[in-house]
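Note: hydrogens, waters and symmetry copies are ignored here, and every other heavy atom, side chains too, is used. Note that this is a predicted model, so its numbers are computed, not measured.
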Amino acid sequence: MLSWLLVGCGGALGAILHYGIGLIPVRGDFPILTLCINFLGAAVIGLIAEAASSQQISARCTLFWKTGVCGGFTTFSTFSLEAVTLFQMGKWGLGSLYVLLSVLGCLCGVMLGKLLHHALFLQYNGRECARWQNHHSGLQSCWMVSRFPIR
């Protein structure tokens, strides 16, 4: 029962944050706020997923943030509707740009969130860095995030 409550509270928080950002006045046809919401949500879910995989946060915390907050905050259905609307309006270039930026932006957001986790939450010494690189199939990103150790 606690799991359901965590997801519900996280989802409510995510939806409230989404609504609040949606109130920011913007001009033009390009759905920039949805793009920003999805990128931010992707970065947060990347950070949470990385923290969970290294067992730095509990399963309950993961459930609250990843399933609840990110689920209530991000907007794939809104993204889809806005893209189709742009295409139906005959704005093929703008619609295609939106789809491309949304997909690539969210992929980059997840990667950024994962890197951010390492920069903010892991203390780097040779052993931790090697463990992180081995866990991520030999990615050579440790040099970059190790410049920002938290002590």
With clusters defined by side-chain heavy atoms of hydrophobic residues (ILVMFWY) lying less than 4.5 Å apart, directly or transitively, does Val44 cluster with Val7? no
Note, Val99 side chain near Phe87 side chain (heavy atom, < 4.5 Å): yes
Note, Thr62 side chain near Ile48 side chain (heavy atom, < 4.5 Å): yes
For residues Leu112 and Phe39, determine if any side-chain heavy atom of one lies less than 4.5 Å from a side-chain heavy atom of the other. yes
Would you kindly confirm whether Leu33 and Leu97 end up in one hydrophobic cluster when ILVMFWY residues are joined by side chain heavy atoms under 4.5 Å apart? yes
Is it the case that one hydrophobic cluster holds both Phe76 and Tyr98, taking links as side-chain heavy atoms less than 4.5 Å apart, direct or via other members? yes
Tell me which one of Leu23, Ile16, Leu17 satisfies side chain to side chain contact (heavy atoms under 4.5 Å, CB included) with Tyr19. Leu23
Roughly how far, to the nearest 0.5 Å, is the OG1 atom of Thr85 from the CG atom of Leu94? 12.0 Å
Should Phe79 and Met89 be regarded as members of a common hydrophobic cluster, given that ILVMFWY residues are connected when their side-chain heavy atoms come within less than 4.5 Å of each other, either directly or indirectly? no
Find out whether Ser54 and His117 are in side-chain contact, i.e. whether some heavy atom of one side chain is under 4.5 Å from a heavy atom of the other. yes
Taking side chain as C-beta onward, heavy atoms only, is Ser102 less than 4.5 Å from Thr34? no
Quick check: closest heavy atoms across Cys61 and Ser58, and the distance to 0.1 Å? N-OG, 3.0 Å
I need the Ile21 CD1 to Leu40 CG distance, nearest 0.5 Å. 6.0 Å
Same cluster (ILVMFWY, side-chain, under 4.5 Å), Ile57 and Leu13: yes
Classify the angle between the aromatic ring planes of His18 and Phe73 as parallel (below 30°), tilted (30 to 60°) or perpendicular (above 60°). perpendicular
Side chains of Phe64 and Leu5 in contact at under 4.5 Å (non-hydrogen atoms): no
